[in-house]
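The analysis underlying the following values was restricted to heavy atoms, covering all of them including side chains, and did not include hydrogens, waters or symmetry mates.
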Amino acid sequence: MHTIDKKSTKKAWAGAIAEPAKEFLSTQLPIISGKIPDGLRGTLYRNGPARLERGGIQMGHWFDGDGAILAVNFNDAGATGVYRYVQTSGYQQEAAAGKLLYGNYGMTAPGPIWNQWQKPIKNAANTSVLALPDKLLALWEGGKPHALDLQTLETWGEDDLGGLTKGLSYSAHYKRDKQTGEIFNFGISPGQNATLNIYKSDSTGQIIQQAAYQLDGVPLVHDFVLAGQYLVFFIPPVRLNVLPLLIGINNYSDSLEWQPRLGTQILVIDRETLSVVSRGETEPWFQWHFANGYVDASGSVIVDIARYEDFQTNQYLKEVATGETHTPAKSTLGRVHLHPQTGKVTSIQQLLNQHCEFPNVPQQNVGQASRYTYMSTFRSGTDISQEVVNAIARFDNKTETLTEADLGENRYPSEPIPAQDTQNPAQSWVLTVVYDGNSHNSELWIFDSDRLDADPVCKLGLPSVIPHSFHGTWNPAV
């Protein structure tokens, strides 16, 4: 009898996550084409879920995969790459046992029900990275960061940054002010009503100030905005149904409910005192990520958001882990005008009608007006219910034009990271890790930021496939 290979319906992107990623130690990267710009000096770090299976069991959601960090260092001798799993205690225990032991965002712990209470959640350390002067932090929003060696990526262990006591967590989406060196972040502590913990750190990462505010229920808050003298939180109408989670019959992801009647709640915080300036409410939407925020000449807070109409995105991201998606979840680049003293939204506009995710601005512009916003998007003609992001783009806020890099069929770039040239501050480059589904390999592509729609100025080969990742950072050479 002829059996149909089920894999045949999968798209090329699924190849990148079909098996756990393979680590590599410091390796000189071959130049495939072009040359490395003379002024590109520093290190690109990227983090993402690199292992979505163990012992023949699939993880329940893309967010559940064990984190691995890629570091690519550019120096006068060329480029070297290192790729290593973050050695969390959960990762080490599961590796030793040869099977999954813990629950996570989208799965309950395997085995009998009491495992849900004994081994609820593993810190996957898989979402983002923060490069500090003496260490790299692997970030995951449900727990403490893990500190790693900046060069070798050796894991040193969990780090409380001098302030993460009593189970406080530290989100993946910090905001760093390049002018002052201050780093702002937050964490959510669950309870009947969640607590929003806000942290201010100095340039070494040490927490020097913190504040705590009660929220309504247990919402999903993934990111926030630094805008001039304010920290702004938009709390989407997603709430955790706590009971099934507590008794162990449901996982976190499936216990999150879309409740549009709640609207989007707004919390404006003063960055100096970490006190509440105002609270407001506006129409319902969901966002994972903000592009940036700033205060305009009139004193209004302007916030750019990758905005979804509802919470379908969570189902789509769950499907990504299976290698096959069928849920459309479109996000568009939107702009909110907010009166900071009253928390009142004065207007909401859509800047772009095409899909926008992983939006960011150059590091030196975080918290202030930026001419350019970088993002991941889809090539035109893509069925977005079937694919993962397959193009990168730059939006010019001055001319309101979008410049796209179309990498070709079956190629999947990571979130684009702008990197300022060390010799010429007016010049910048865009770095993206590309999974090529045609040849099943990964490369690092470097674009001239002003010529994203031209060929990359350089392509570097990577020793093994890097699965689709979440967030990265550029750490310039000093």
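Taking the charged nitrogens against the carboxylate oxygens, R411 and D406 have no contact shorter than 4.0 Å, which rules out a salt bridge.
Under 3.5 Å, the side chains of T43 and N73 contain a donor-acceptor pair of N or O atoms. Judged purely by distance below 3.5 Å, without hydrogens or angles, the side chains of N424 and D421 never pair a donor atom with an acceptor atom. In summary, the side chains of D304 and T373 do not present any donor paired with an acceptor at a separation below 3.5 Å, with no hydrogens or angles considered. In summary, the side chains of T382 and N390 do present a donor paired with an acceptor at a separation below 3.5 Å, with no hydrogens or angles considered. Inspection of the E409 and N438 side chains reveals no N or O donor paired with an N or O acceptor under 3.5 Å. Counted by atom type alone, E141 and H222 present one or more donor-acceptor pairs between their side chains at under 3.5 Å. Side chain to side chain, S442 and D436 fail the donor-acceptor criterion of an N or O pair below 3.5 Å. Using modelled atom types and a 3.5 Å distance limit, the side chains of E324 and T9 yield a donor-acceptor pair.
To the nearest 0.5 angstrom, T80 atom OG1 is 6.0 Å from N75 atom CG. Annotation: the span from I57 atom CD1 to E94 atom CD amounts to 11.5 Å, rounded to 0.5 Å. Rounded to the nearest 0.5 Å, atoms CD (Q87) and CG (L153) are 11.5 Å apart.
A 4.5 Å side-chain heavy-atom check between L460 and I36 finds at least one atom pair inside the cut-off. Within the 4.5 Å cutoff, side-chain heavy atoms of V232 are placed close to those of V301. Side-chain atoms of H61 and L317, non-hydrogen and from C-beta on, do get closer than 4.5 Å to each other. Between F470 and V129 there is no side-chain heavy-atom pair separated by less than 4.5 Å. You'll find the side chain of P284 reaches within 4.5 Å of the side chain of P237, heavy atoms only. Taking the side chain as every heavy atom from C-beta outward, S428 and Y374 approach each other to under 4.5 Å. Annotation: side chain of V434 is not in contact with side chain of L444 (no heavy-atom distance under 4.5 Å). Taking the side chain as every heavy atom from C-beta outward, N47 and I69 approach each other to under 4.5 Å.
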>> Under the criterion side chain to side chain donor-acceptor pair (under 3.5 Å), I'd like the reasoning laid out for R176 against N185: C-alpha separation, chi angles, the key distance, then a yes or no.
In response: CA-CA 9 Å; R176 176 156 37 190; N185 206 346; over 6 Å; no

> Would V82 and V72 count as a side-chain contact (heavy atoms from CB on, under 4.5 Å) if you check the C-alpha gap in whole Å, the side-chain angles of each, and the deciding distance to 0.1 Å?
Replying inline: CA-CA 7 Å; V82 184; V72 178; over 6 Å; no

>> Run the side chain to side chain donor-acceptor pair (under 3.5 Å) test on Q386 and T325 for me, step by step, so that the C-alpha distance in whole Å, both residues' side-chain angles and the decisive distance to 0.1 Å come before the verdict.
In response: CA-CA 5 Å; Q386 305 283 309; T325 61; 5.8 Å; no

>> Under the criterion side chain to side chain donor-acceptor pair (under 3.5 Å), I'd like the reasoning laid out for Y435 against E443: C-alpha separation, chi angles, the key distance, then a yes or no.
In response: CA-CA 7 Å; Y435 170 67; E443 298 170 0; over 6 Å; no

> Going through the distances and angles, do L130 and I183 end up as a side-chain contact (heavy atoms from CB on, under 4.5 Å)?
Replying inline: CA-CA 10 Å; L130 170 53; I183 300 163; 4.3 Å; yes

>> Applying side chain to side chain donor-acceptor pair (under 3.5 Å) to S370 and N397, what does each step give before you reach the verdict?
In response: CA-CA 8 Å; S370 176; N397 287 289; 5.5 Å; no

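Every residue was checked against the salt bridge (Lys or Arg N to Asp or Glu O under 4.0 Å) condition with D310, not counting sequence neighbours, and none meets it. With sequence neighbours excluded, the residues forming a side chain to side chain contact (heavy atoms under 4.5 Å, CB included) with D448 are Q427, W429, D450, R451, V457, listed by chain and number. In this view, T346 and H337 satisfy the side chain to side chain contact (heavy atoms under 4.5 Å, CB included) rule, not counting sequence neighbours. Qualifying ring pair (Phe, Tyr, Trp, His ring centres under 6.0 Å) partners for F286, counting only residues two or more places apart in sequence or in other chains: W288, F311. Checked against salt bridge (Lys or Arg N to Asp or Glu O under 4.0 Å), E283 has the following partners two or more places apart in sequence or in another chain: R307. Here K135 pairs with D159 under the salt bridge (Lys or Arg N to Asp or Glu O under 4.0 Å) rule; sequence neighbours left out. Residues satisfying the side chain to side chain contact (heavy atoms under 4.5 Å, CB included) criterion with T422, sequence neighbours excluded, are R41. The side chain to side chain contact (heavy atoms under 4.5 Å, CB included) test applied to D296 returns Y294, S298, S300, I302, not counting sequence neighbours.
What you find for R371 and D396 is that their closest heavy atoms are NH2-OD2, 2.7 Å. Residues T432 and S414 come closest through the heavy atom pair OG1-O, 2.8 Å. Taking all atoms of both residues into account, the shortest heavy-atom contact from A194 to I188 is CB-CG2, 3.7 Å. Nearest heavy-atom pair across I417 and G472 is CD1-O, 3.4 Å. P359 and A291 get closest at one heavy-atom pair: CB-CB, 3.6 Å.
Between W140 and Y170, the gap from one ring centroid to the other reaches at least 6.0 Å. Ring centroids of F184 and Y174 are separated by 6.0 Å or more, keeping the two rings apart.
The 12-atom threshold is exceeded at CD of Q92, counting heavy atoms of other residues, nucleotides or ligands nearer than 6.0 Å. Dense packing is recorded around CD of Q350, with more than 12 heavy atoms of other residues, nucleotides or ligands lying under 6.0 Å away.
Each salt bridge (Lys or Arg N to Asp or Glu O under 4.0 Å) pair with one or both residues in residues 48-74, not counting sequence neighbours, appears once here: D66-K122. Applying the salt bridge (Lys or Arg N to Asp or Glu O under 4.0 Å) definition to pairs two or more places apart or across chains, those involving residues 14-35 are E19-K22, K35-D38. The side-chain hydrogen bond (donor to acceptor under 3.5 Å, both in side chains) pairs that include a residue from residues 465-474 are R46-S469, H173-H471, H289-H471, Q363-T473, E415-H471, where partners are two or more places apart or lie in different chains. Under the salt bridge (Lys or Arg N to Asp or Glu O under 4.0 Å) criterion, no residue pair touches residues 358-367, with sequence neighbours excluded.
Using the six-membered ring where Trp is involved, F186 and F224 have ring planes that are perpendicular, over 60° apart on the 30 and 60° scheme. Taking the six-membered ring where the residue is Trp, Y105 and F63 present tilted rings, their angle falling between 30° and 60°.
In this structure, K330 fails the cation-pi test against Y308, since its NZ or CZ atom is not both closer than 6.0 Å to the six-membered ring centre and inside 45 degrees of the ring normal.
In summary, of the residues considered (I392, L402, V389), a side-chain contact (heavy atoms from CB on, under 4.5 Å) with M375 occurs for L402 alone.
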